[in-house]
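What you see below is based on every heavy atom in this structure, not just the backbone, and it leaves out hydrogens, waters and symmetry mates.
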Amino acid sequence: MPGSIHGVVAANGGFVPAARARSAGVLSLAEREEISRGLAAGDSFRAIAGRMGRAPSTVSREVGRHGGREKYRAAHADEGAWDNPRRPKSCLLQQSPALRDTVAGKLKEDWSPRQIAGWLARTFAPEDGMYVSHETIYKSSFIQARGVLKKELVWCCHVGCPGGVIFGLVVVEGERPWTVRRRTGGTGIRSR
């Protein structure tokens, strides 16, 4: 909906975006201009970093990230640095249809997210792009605003199974704290 808060909230993963501000540790436009002047003068990264009071690796990464020695421009680098950390980032499962289909297939076979992540790590080489952490699978199932995993697969990632029955449930015997007994009705099983 143009002109409404719903469009803004939806574009930010269902959350109202916080006001943007730069972190104290990032390079400022003035520092980027200093880097640009130093590169034009032919100075080394170490010399530029020394004048700025920064680590040489910071200058090296900044220059490498924004075009190298020949193409580095302070204003363009500053604009790029401001745009790069925008949230929300697209989910890994959203970027790779093959990975998403593989994860969805394993969830349908009642595999846990941790089992899927371990199987992918053992089965595929890192350069195949078929790696995802179990946290990403959980996140993709719980945050439906992203719509990555179909709703019928979401239950696979939850603690319980369909119908609220948990197979292999172990009831802890013995004296339980009063707050736990009150919550669970004394059975050790939390009531819904």
If I take atom CD1 from residue Ile137 and atom NZ from residue Lys106, how far apart are they, to the nearest 0.5 angstrom?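 If I round to the nearest 0.5 Å, the distance is 11.5 Å.
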
Measure the spacing between CZ of Arg46 and OG of Ser57 and express it to the nearest 0.5 Å. 9.5 Å

Flag yes if more than 12 heavy atoms outside Arg69 fall under 6.0 Å of its CZ atom; otherwise flag no. yes

Can you list everything that forms a side chain to side chain contact (heavy atoms under 4.5 Å, CB included) with [X]? Sequence neighbours excluded, please.
| X | answer |
| --- | --- |
| Ala47 | Asp43, Ser44, Arg51 |
| Ala98 | Ser96, Met130 |
| Glu33 | Leu29, Arg37, Ala74 |

Check whether Glu79 reaches the backbone of His76 with its side chain - one donor and one acceptor, N or O, closer than 3.5 Å. no

Taking transitive links into account, so neighbours of neighbours count too, which hydrophobic residues share a cluster with Leu27 at under 4.5 Å side-chain distance? Ile35, Leu39, Phe45, Ile48, Met52, Val59, Val63, Tyr72

Under the side-chain hydrogen bond (donor to acceptor under 3.5 Å, both in side chains) test, residues paired with Arg32 that sit two or more places apart: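 With sequence neighbours excluded, Arg32 shows a side-chain hydrogen bond (donor to acceptor under 3.5 Å, both in side chains) to Glu62, Asp78, given in chain and number order.
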
Grab the two heavy atoms, one from Ser133 and one from Ala117, that are nearest each other, plus how far apart they are. C-CB, 4.0 Å

Scan for ring pair (Phe, Tyr, Trp, His ring centres under 6.0 Å) pairs involving residues 114-137, sequence neighbours excluded, and state none if there are none. Trp111-Trp119, Trp119-Phe124

